[in-house]
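Just so it is clear, the model here is predicted, and its values are computed rather than measured.
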Amino acid sequence: MKTAQDIIIAPVITEKSMSGIADKKYTFKVAKDANKIEIAQAVEQLFKVKVAKVNTISVRGKARRMGRYEGYTASWKKAIVTLKADSKAIEFFDGLM
C-alpha cells in the first residue's frame, strides 16, 4: 500500500499551472504507477480538500546534450486536480500567487 506522500511527489509551478488556480485546478508531479482514484484520495488526505476530478498526463523525457554526450531526461506523470466548488483552496499555492 502506497502512502499519500509516495503518490504526490511535488507541485508543478509554471505560469500555465498557476493560471489554473483561479478555477481551483492544481497541478502535481505524481508517481508513474498511480491511478486517478489513488491520486484523488492522496490529495484529499494531504490537503484536507474535496476533489471533483483528476486528469493525468504522461510526460515523455526530452533529448538533452552535455557536450558530445546525449541522452534523455526522465519521463514522469503529471496530474491536474480539480477541486469541488464548496472545497477550500490549498494553502501552499496561496503563498505563490
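Panel note: side chain Thr56, backbone Ala79; no donor-acceptor pair is recorded below 3.5 Å. Lys77 places a side-chain N or O within donor-acceptor distance of the main-chain N or O of Ala34, the cut-off being under 3.5 Å. Put simply, the side chain of Ser17 never gets that close to the backbone of Thr27: no donor and acceptor are under 3.5 Å apart. In this structure, the side chain of Glu38 engages the main chain of Asn35 through a donor-acceptor pair within 3.5 Å. Listed for the Lys24 side chain is no donor-acceptor partner under 3.5 Å among the backbone atoms of Ile21.
Phe28 pairs with exactly one of Val43, Ile9, Ile80, Val12 by the side-chain contact (heavy atoms from CB on, under 4.5 Å) rule, that one being Val43.
Taking the side chain as every heavy atom from C-beta outward, Ile8 and Val30 approach each other to under 4.5 Å. Residues Ile39 and Ile7 meet the side-chain proximity criterion, which asks for heavy atoms closer than 4.5 Å. Using a 4.5 Å cut-off on side-chain heavy atoms (C-beta onward), Ile90 and Leu83 make contact.
Tracing side-chain contacts under 4.5 Å through hydrophobic residues (I, L, V, M, F, W, Y), one never reaches Tyr72 starting from Ile57; they form parts of separate clusters. Residues Val81 and Trp76 are members of separate hydrophobic clusters, defined by side-chain heavy-atom contacts under 4.5 angstrom among Ile, Leu, Val, Met, Phe, Trp and Tyr. Phe92 and Val54 fall within a single hydrophobic cluster, where Ile, Leu, Val, Met, Phe, Trp and Tyr side chains are chained together by heavy-atom contacts under 4.5 Å.
In this structure Ser75 satisfies the side chain to side chain donor-acceptor pair (under 3.5 Å) test together with Lys32, sequence neighbours excluded. For Glu70, the salt bridge (charged side-chain N to carboxylate O under 4.0 Å, His left out) partners two or more places apart in sequence, or in a different chain, are Arg65.
For CD1 of Ile37, the number of neighbouring non-hydrogen atoms (other residues, nucleotides, ligands) closer than 6.0 Å is 12 at most. For Lys88, the NZ atom sits in a packed shell: over 12 heavy atoms of surrounding residues, nucleotides or ligands are nearer than 6.0 Å.
Here Asp33 pairs with Lys2 in a salt bridge; the nearest charged N to carboxylate O distance falls below 4.0 Å.
Between Tyr26 and Ala89 the shortest heavy-atom distance is OH-CB, 3.5 Å.
With rounding to the nearest 0.5 angstrom, the NZ atom of Lys16 is 10.0 Å from the NZ atom of Lys25.
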